[in-house]
Amino acid sequence: MKRPTPASQKTGCGPLIPPLSDTLRPLRQQVFERVRAAGLIARVQVAKDLGVSPASVTTITSELIEAGLIEEVAATREGETGRGRPAVALGVRAAAHHVVGLKVSDRDISAVVVDFGGTILARHHEERRPVALSPAEVVSVIETLVDRVAAKAGMTRGDLSAVGVGLPGYIDTASGQVLWSSILAERAVPLAALATARLGLPVQIDNDANLCAMAELWFGAGRGLSDFAVVTIEHGLGLGMVLNHRIYRGARGIGMELGHTKVQLDGALCRCGQRGCLEAYVADYALAREATTALNWTHRDGQSMIVLLESLYDHAKAGNQSARSIFRRAGRYLAVGLANVVNLFDPALIILAGARLRFDYLYAAETLAEMQALVLDTGRPLPAIETHAWGEMLWAQGAAALALSAVSEGLLTQPREIAATA
């Protein structure tokens, strides 16, 4: 008889969906996801959580163990003296599959290798020149990044089961198309299919703000929440929305473009080509444009965006009123956007994420007070607002969660005899 694997630091990953709240998916998938979310859990607790018989859970978990997706783990009972037979819990078999999650942005690229239990095994990050690339060039960037981060984990491409990719823009995840992105020189690019063909691995793509929300849903503050929002502030302004423990993408797959909601008719030019977008008043390039005009920094045209913004921030901290007013104006527009999110969706939590959180003027007390003034007065508390500075790996980890989800759903929704040999 095979001995249970010794207990380790299994904390689980994935949404912590309340028991009996989701019965539309196959029971086998629900059992697996309950084990994955818990990290370690007893069969009897799985049966209780899902409201099914212990016999059904025993049958299904035996199939999942035989398929190599979960394993028995020796767990210590509370107050156990070490005598007698140890308790046996269930956990995901971490070595069953490995995926890569990566983000390609305007100025940098990052990647992680994650095992089937959600543990990061390797990381990689590097800067890139902020220019739009051809589809072939983007696929080459993806291929190089996958191979580099896999090598850091001591793996080859053949050890991987899937790849998740996040990038800015309008992404149709279901079809794998990039309808528009600031990093691509063309529109309507079937990027997932192109990358799949090049890598020889299934590739899933999504909007990077969605993947930021997915990282919080799988690994962060959103695991136990049914509804929350993540607002990302970087070169652009993004929104990832979780409704009923699921990423909301809209009927056409491109929902939640907060940065391109309109706040001023015939207003500032946005990088999307339209005018008056919220992003055109809050994002990196908006702050840089204001700095060049208000502070007469035309001599800095050749300076990198990051250096220019850091200089603007230093001026504001030193008391320069013009520099402060630039951040204050951007913060007021951000307050409008956040108030609209609250009025439209009433999330339990709003998480502010992204590189520009360093510029605390954007979410200062005045900004949050202005947001509160713009939210409908119901007499009830506003949703909590948190700032999370995970760094570059947050996005890549969300992309890894996208790949993990695709792998597990593919295995658990196919015929049992096929899944058992996967």
State whether Asp106 and Arg128 are salt-bridged, where the test is any N-O pair (Lys NZ or Arg NE/NH1/NH2 against Asp/Glu carboxylate O) under 4.0 Å. no
Mutual orientation of the aromatic rings belonging to Tyr281 and Tyr333 [parallel < 30°, tilted 30-60°, perpendicular > 60°]: parallel
Is it true that the side chains of Asp314 and Ser311 contain a donor and an acceptor less than 3.5 Å apart? no
Please check if any side-chain donor atom of His125 sits under 3.5 Å from a side-chain acceptor atom of Asp108, or the reverse. yes
Does a salt bridge link Glu290 with Arg329, judged by any charged N lying under 4.0 Å from a carboxylate O? yes
Only one of Leu90, Leu412, Val35, Leu411 forms a side chain to side chain contact (heavy atoms under 4.5 Å, CB included) with Leu64, so which one is it? Leu412
Does either side chain, that of Ser110 or that of Arg123, offer a donor lying less than 3.5 Å from an acceptor on the other one? no
Would you please indicate if the ring centroids of His98 and Phe116 are separated by under 6.0 Å? no
Check this for me, if you would: do Glu143 and Arg157 make a salt bridge, where the nitrogen-to-carboxylate-oxygen distance has to be below 4.0 angstrom? yes
Do the charged groups of Lys262 and Glu279 touch, with an N to O distance under 4.0 Å? no
Under 4.0 Å between a side-chain nitrogen and a carboxylate oxygen: does that hold for Arg198 and Glu137? no
Using the rule given for salt bridge (charged side-chain N to carboxylate O under 4.0 Å, His left out), can you reason through Arg107 versus Glu234, listing the C-alpha separation, both sets of side-chain angles and the distance that settles it, and then say yes or no? CA-CA 10 Å; Arg107 286 177 168 73; Glu234 290 212 319; over 6 Å; no
Heavy-atom neighbours of Arg332 CZ exceed 12 at 6.0 Å: no
When you check the gap from the basic side-chain N to the acidic O, do Arg223 and Glu216 get nearer than 4.0 Å? no
